[in-house]
Structure formats: structure tokens, C-alpha cells
Student: 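Got a structure for you, questions after.
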Amino acid sequence: MTDVRQHAEEIHEQFSDHLDVTVDDVASRLDSLVNEYKVPMEEARRSVTSHYLDEAGLERDDIRTGGTSDVQVEDIETDEQWVNLTAKVVDLWEPRSDSVGQVGLLGDETGTIKFTKWAKSDLPELEEDKVYRLGNVVTDEYQGRYSVKLNRTTNVEELDTDIEVGDNATEVEGALIDIQSGSGLIKRCPKEDCTRVLQNGRCSEHGEQEGEFDLRIKGVVDDGNDVHEVIFNEEATENLTGIELEEAKQMAMDALDTTVVADEMREKTLGYYYRVSGPTMGRYVLANDVEQLSGPVDAEAALIKARSM
Ligand SMILES: [Zn+2]
């Protein structure tokens with residue numbers, strides 16, 4: 001998201017109850033001031049905000065500034081919502097791009113969610129195991145997984161308290177009955193913060209790209225009662241199939257065809273029984289833990305378990 005776009009969304013949010021105006025309208029006004037007339041962003045924001053205040057017949061105090069609602073992690077199931085979240089920093093990861101200041105996992109009683117803090121946001125460093133009230137963060141969705149983004153309007157307040165972080169992991173036990181297209185040796189868009197899977201060398205957002213190799217399986221597990229879509233990332237795919245990334249690349253190179261990798265993976269896994277656990281994101285279970293079961297699951301036991309859920 002560009003800077004202008006982010007500011008435009010914030011302004012738009014303030015007027016969404018008062019005016020029939022789109023984010024694009026706001027963005028184009030901001031863009032013109034900032035990029036054509038070289039007005040500093042803060043000033044441009046004030047000017048654009050004044051314009052919409054006039055149009056709505058409002059005073060500055062009337063508009064929502066942080067009129068966002070308090071939510072818990074499990075409530076986050078809409079894209080581009082401005083919310084307040086009180087959560088503990090469960091894990092910090094290595095940012096993969098310069099535009100990201102911090103990235104990791106937040107958790108509350110209801111589960112965990114990824115967060116991204118922009119490098120430009122000018123916010124304090126979040127520390128692991130500390131609890132924060134994060135005012136005004138925006139939700140984001142990618143392939144059914146939700147995350148929150150901390151931006152320059154976010155208010156970070158450290159709280160002197162602890163949170164028992166809930167486990168939103170789910171466990172699925174059953175036969176792997178399908179490996180869907182887009183599995184095996186794939187290429188991801190190398191653009192910052194994109195990671196979309198390339199289709200015929202093209203990213204739906206960034207066009208033709210060289211791409212970076214990755215392993216993934218989108219599988220379907222049948223527990224005898226229901227089917228569950230499971231995503232195995234590189235590590236989980238290696239665990240499941242015993243095929244590592246380098247080996248997969250070699251296989252594809254030898255065959256001059258990347259699809260041989262998914263074929264080999266199908267051969268090794270389809271019809272076998274697994275216990276898979278991990279967080280659910282949208283309709284997917286993200287396989288954190290994979291265990292191959294020695295024999296077929298006891299159908300009756302599986303049924304009793306499913307009924308009790
Ligand atoms: Zn891309």
C-alpha cells in the first residue's frame with residue numbers, strides 16, 4: 001500500500017458515516033497535493049480533511065478520530081477494518097523487507113494473529129512477552145489468513161498485565177485424499193510484501209516476475225465425516241513428503257518440468273492417514289505439526305470425536 005493510499009484510507013474512515021465518498025476520491029485529492037504541488041503530507045491531510053468537513057457541514061470535533069471498535073483476535077474476519085486490539089507479543093520474526101520495521105505474532109485469550117509494523121510508522125519497538133493496547137490498527141487478509149498492520153496513526157500503550165494466550169489451533173485426523181493445483185514446487189513473487197504464487201510466471205499484482213522457488217501443498221484431508229483444506233508450508237511439506245527444496249529443484253531441472261514434484265508428492269502421500277494440527281485461517285488449517293499415523297484411523301472413534309466437537 002502506498003503512503004498516499006494509507007493516509008487516504010484513514011481520512012476516508014473518518015468520514016465514512018457522513019459522506020458518500022470513496023477512498024479513491026480521497027486518494028486522488030491527496031495525491032494531487034502531495035505529488036503535483038509538493039505539499040507536505042501533514043499539510044495535505046489537513047487540507048483534504050477541511051475540504052470534506054466543509055462538504056459534510058461538520059466541525060473538526062464531529063468526526064471520528066479513532067472511532068474504532070475494540071476487538072479480540074477471533075473477531076477479526078474482515079479486511080481493511082480499523083480496530084483496537086489488546087494483545088501480547090508472542091513471537092517476533094525477522095522482517096523480510098526493508099519497509100517492515102517489525103513482524104511477528106500477537107495473541108490474546110481467543111488466539112493469535114500475525115502483525116506487521118511499518119518501518120516508517122515511527123512507533124516504539126514492541127518487545128516479546130509484553131502486553132500492549134494497540135489503538136487504530138488495520139486488518140488485512142491474504143489467502144484467507146488475517147493479519148493486523150500497525151501504521152503511523154496507531155497508538156501503542158504498554159500494559160502492566162499478562163494475557164493467557166489462547167490456542168486457536170485445530171487438529172485434523174484423516175486420510176489425505178487430494179493435493180490441489182498450486183502444490184509442489186511453486187514460484188512466489190519476489191516483490192516486497194507480495195509472496196503471491198506466480199501463475200505461468202506472472203503475479204496477479206506485479207505481472208511477469210522471475211520468482212523465488214518455494215514448496216507448498218494445498219491438501220484435502222478427509223476425517224471420515226468432513227473434509228478439511230490444509231496448507232503445508234515449505235517445512236511442513238518437507239516433513240510430509242521427505243522432499244526438500246533443493247531436491248525438488250533438481251527433480252524439476254532433470255525433467256525440465258516443475259509438475260513432476262507435485263506428482264511425486266502425490267505418490268508419496270495420497271491415501272495415507274495423518275494427524276495435522278495448526279491454526280485455522282479462513283477455511284484453511286495451516287499445518288504446523290504433521291504426524292503420519294501408523295495405520296488407518298479407527299473410523300468409529302473418529303466419528304465419536306467429530307460428534308463431540
Ligand atoms: Zn507480486
Side-chain angles (χ1 to χ4, degrees), residues 1-10 12 22-24 26-28 30-31 34-35 76-82 92-105 113-121 137-152 179-219 229-238 244-246 248-249 252-253 257-259 261-262 265 278-279 281-287:
M1 192 159 48
T2 65
D3 229 19
V4 166
R5 190 84 196 164
Q6 191 176 328
H7 285 285
E9 284 187 2
E10 289 158 16
H12 176 260
T22 66
V23 178
D24 282 342
V26 182
S28 99
L30 265 184
D31 185 63
V34 172
N35 292 321
I76 295 175
E77 38 197 22
T78 320
D79 198 10
E80 291 189 28
Q81 277 225 308
W82 292 82
L92 289 171
W93 307 324
E94 199 62 41
R96 288 170 68 178
S97 134
D98 291 341
S99 64
V100 174
Q102 284 189 295
V103 59
L105 207 60
I113 190 164
K114 180 185 161 184
F115 81 93
T116 303
K117 192 186 89 184
W118 300 116
K120 281 186 293 187
S121 63
V137 300
V138 64
T139 63
D140 194 27
E141 184 260 359
Y142 175 61
Q143 289 194 341
R145 308 183 195 190
Y146 290 96
S147 66
V148 292
K149 303 215 151 137
L150 282 55
N151 56 79
R152 74 183 70 214
I179 286 182
Q180 297 171 303
S181 67
S183 299
L185 185 62
I186 56 164
K187 275 191 162 183
R188 292 190 187 276
C189 177
K191 290 276 182 194
E192 278 187 10
D193 295 327
C194 183
T195 76
R196 283 181 179 79
V197 174
L198 302 184
Q199 308 286 348
N200 299 317
R202 290 184 66 82
C203 168
S204 59
E205 180 83 19
H206 299 107
E208 213 148 303
Q209 296 291 330
E210 187 54 43
E212 287 165 359
F213 279 115
D214 194 8
L215 291 179
R216 177 183 75 173
I217 287 180
K218 285 167 86 175
E229 289 181 88
V230 181
I231 292 187
F232 300 82
N233 66 7
E234 182 187 339
E235 196 187 338
T237 299
E238 281 179 13
E244 294 186 351
L245 184 59
E246 284 310 311
K249 284 198 247 181
M253 233 184 308
D257 182 4
T258 54
T259 62
V261 176
M265 287 175 172
M281 302 280 181
R283 60 185 219 260
Y284 295 105
V285 179
L286 308 177

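This one's a predicted model, so the numbers in the text were calculated from it and none came from an experiment. Every number for a ligand or one of its atoms is a count from 1 in the order of the listing.
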Student: Does a donor on one side chain sit under 3.5 Å from an acceptor on the other, for Q180 and K218?
Tutor: no
Student: Establish, from distance only, whether the side-chain atoms of T259 and D257 form a donor-acceptor pair under 3.5 Å.
Tutor: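 Present: a donor and an acceptor within the cut-off.
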Student: Is any side-chain heavy atom of E205 closer than 4.5 Å to one of C189?
Tutor: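 Counting from C-beta outward, C189 and E205 never come under 4.5 Å.
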Student: Answer yes or no: are there more than 12 heavy-atom neighbours, outside K187 itself, under 6.0 Å from its atom NZ?
Tutor: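 Check passes, neighbour count above 12.
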Student: Mind counting the protein N, O or S atoms sitting less than 2.8 Å from the Zn ion (ligand 1)?
Tutor: 4
Student: Mind checking the CD-NE2 spacing from E80 to H12? Nearest 0.5 Å is all I need.
Tutor: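 The CD atom of E80 sits 10.0 Å away from the NE2 atom of H12.
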Student: So, applying side-chain contact (heavy atoms from CB on, under 4.5 Å) with T237, which one of L215, L185, D214, V261 is it?
Tutor: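 So, applying the side-chain contact (heavy atoms from CB on, under 4.5 Å) to T237 and each of L215, L185, D214, V261, only L215 qualifies.
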